[in-house]
Amino acid sequence: MKDFVIVGAAQAGLSMAYFLKQQQKDFLIIDKEKEIGASWLKRWDSLKLFTPTEFNHLIGMPFPAAKGHYPDKYEIASYFKQYAKKFEFPIQLKTLAESIEKIDHGFLIKTNQKDIVCKQVIIATGPFHIPFTPKFHKNLSNSIYQVHSNFYKSPKQLQKGPTLVVGGGDSGFQILDEVSKNTTETTYFSGSTDIRTLPQEILGKTLWWWFTKTGFLSFSKTSWIGKKINQSKQPIIGTDVKSIINRDNVEVVGHTLDTDENIIKTATKELNNVKNIVWATGYKPNFEWIRNIELCKDGYPIHKRGISTTKGLYFIGLPWLHTRGSATLGGIKKDATYLADKIL
């Protein structure tokens, strides 16, 4: 029986593994992917972090790039591989955790490989589980190419003709920027334009330097100001939204309301010439494979700074696990340090 099993081999799981290794615990990391860093490598080709090198260090090993550099997805995946190799973590890839059940003196993890028994479990699968697409997308004709941002790679995937990008978050605007730059065809944008934008640098300092100095990333989710930040709409960082939506070939059409064969009904007009749709519409969490745990109304597990209501079961890498910084690559070490201290 292992002391611990960590489910997930990205930044959250690797950060917890660091502490278990230091304490010489008998543990195993399992991950459904065939390589470390796969969750990043699957994202679109031009993806880069909003945070520069100095705010991306995992505990015990600095990110290998110059200060002020904004890493791409390939550099992030490479860093994770180097990190796991340096500390010689026991990792079992191609292993999907299909269910976790509390048993006498520990947990039973059923996987696509073989069952694993352990004393305690740390879930580090992150918040992005099931790509969400509105149900009415099924009403569309097969002649329209549809792809969720989770599977979008580059404009090369798209058919010739107008494209509709749905979703007004960071992913939506970055993809809108890329698609509209690489075509003379009309690129429609469906989503809110009433958003705040923040540059990556202010007065010669990175945005994250200011966030650190002001404590923006350190307010807990239970504090008054933390609740205000959590409830407010997240700003778009490092993307010049105004210049993108003002391009000659970009047309803003408001929210998408319904679809029927080749017709897409939006808040301002009906579109009948769209050849591609990129759904940058986010994700839904999936923790139902963990048996008998308490979930909140949003589908996330009920916990206190990663400590669940099931003894011996822990969570790391969730959005707002404790602070706004919990969702950042560099912020994971604070949550991991706290959780490791409580566990060990």
Side-chain angles (χ1 to χ4, degrees), residues 1-43 58-61 73-130 150 283 285-293 301 306-308 310-318 321 329 332-333 335-337 339-340 343-344:
M1 179 182 283
K2 296 285 184 184
D3 291 330
F4 291 88
V5 167
I6 299 172
V7 183
Q11 61 261 32
L14 296 176
S15 296
M16 290 305 301
Y18 173 87
F19 290 102
L20 298 184
K21 181 82 173 184
Q22 296 298 309
Q23 294 294 321
Q24 299 182 334
K25 297 296 182 181
D26 181 18
F27 72 96
L28 176 68
I29 306 174
I30 62 173
D31 195 286
K32 66 179 181 179
E33 304 294 351
K34 65 180 181 180
E35 63 178 319
I36 296 170
S39 59
W40 286 88
L41 292 174
K42 287 182 175 181
R43 307 298 295 278
L58 296 181
I59 191 163
M61 179 180 165
K73 67 174 188 177
Y74 304 102
E75 292 171 297
I76 299 164
S78 175
Y79 176 46
F80 289 171
K81 289 182 174 74
Q82 293 174 48
Y83 191 84
K85 184 178 181 180
K86 176 178 179 178
F87 296 109
E88 300 180 325
F89 296 144
I91 299 176
Q92 185 173 304
L93 298 170
K94 301 179 183 178
T95 305
L96 173 66
E98 296 174 338
S99 69
I100 295 180
E101 182 179 1
K102 180 79 169 174
I103 59 174
D104 291 341
H105 311 299
F107 295 85
L108 171 64
I109 305 174
K110 292 187 176 183
T111 79
N112 61 331
Q113 301 292 342
K114 63 179 181 179
D115 295 351
I116 304 171
V117 178
C118 61
K119 296 176 183 176
Q120 301 185 77
V121 179
I122 301 170
I123 306 297
T125 54
F128 304 133
H129 299 150
I130 304 174
N150 188 68
Y283 300 80
N286 176 24
F287 292 97
E288 294 179 359
W289 52 282
I290 307 173
R291 297 181 183 176
N292 300 317
I293 64 166
I307 302 170
S308 80
T310 300
K311 187 175 181 181
L313 180 65
Y314 308 94
F315 294 89
I316 186 79
L318 299 179
L321 187 86
L329 181 56
I332 197 72
K333 58 178 171 283
D335 288 338
T337 301
L339 191 57
I343 293 174
L344 301 174

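- With sequence neighbours excluded, the residues forming a ring-ring contact (aromatic ring centres under 6.0 Å, His included) with Y283 are F128, H148, listed by chain and number.
- Rounding to the nearest 0.5 angstrom, the gap separating the OG1 atom in T310 from the CD atom in Q120 is 12.5 Å.
- Every pair passing salt bridge (charged side-chain N to carboxylate O under 4.0 Å, His left out) that includes a residue from residues 14-26 is listed here, sequence neighbours excluded: K2-D26.
- Between F80 and E35, every side-chain heavy-atom pair lies at or beyond the 4.5 Å cut-off.
- Counting only residues at least two apart or in different chains, side chain to side chain donor-acceptor pair (under 3.5 Å) contacts with residues 82-97 comprise S78-Q82, Q92-T95.
- When all heavy atoms of H129 and F287 are compared, the pair lying nearest together is CE1-CZ, 3.3 Å.
- For the pair S15 and I332, the tightest heavy-atom approach, listed with the atom from each and the gap, is OG-CG2, 3.4 Å.
- Distance check, rounded to the nearest 0.5 Å: CG of L108 to CD1 of I103 gives 5.0 Å.
- F27 and L20 make their closest contact through CD2-CB, 3.7 Å (heavy atoms, listed as atom of the first residue, atom of the second, distance).
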Evaluate the criterion side chain to side chain contact (heavy atoms under 4.5 Å, CB included) for residue pair L58 and Q11; output intermediate values, then yes/no.
CA-CA 8 Å; L58 296 181; Q11 61 261 32; 4.1 Å; yes
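- A distance of 12.0 Å separates CE of M61 from OH of Y18, quoted to the nearest 0.5 Å.
- Of the inter-residue distances, the one linking I316 atom CD1 with L339 atom CG reads 5.5 Å to the nearest 0.5 angstrom.
- Residues satisfying the ring-ring contact (aromatic ring centres under 6.0 Å, His included) criterion with Y314, sequence neighbours excluded, are absent altogether.
- Between F315 and L318, the closest heavy-atom pair is CB-CD1, 4.0 Å.
- Y79 pairs by the side-chain hydrogen bond (donor to acceptor under 3.5 Å, both in side chains) definition with nothing, not counting sequence neighbours.
- The two residues L14 and A84 make their nearest non-hydrogen contact at CD2-CB, 4.2 Å.
- Side-chain contact between V117 and I109: absent, with no pair of heavy atoms (C-beta onward) separated by less than 4.5 Å.
- Side-chain contact between I36 and F89 is absent, with no heavy atoms from C-beta onward closer than 4.5 Å.
- At least one side-chain heavy atom of I30 sits less than 4.5 Å from a side-chain heavy atom of V5.
- Here the OG1 atom belonging to T111 is positioned 7.5 Å from the CG atom belonging to L96, to the nearest 0.5 angstrom.
- Side chain of S308 to main chain of L313: a donor-acceptor pair is present (N/O by atom type, distance under 3.5 Å, no hydrogens or angles).
- Distance CD1/I123 to CD1/I290: 4.0 Å, rounded to 0.5 Å.
- Closest non-hydrogen pair, P301 versus I293, comes out as CB-CD1, 4.3 Å.
- Looking only at side-chain heavy atoms (C-beta outward), I343 and I122 come within less than 4.5 Å of each other.
- For residues 96-119, the pairs satisfying salt bridge (charged side-chain N to carboxylate O under 4.0 Å, His left out) are D3-K119, E101-R291, with sequence neighbours left out.
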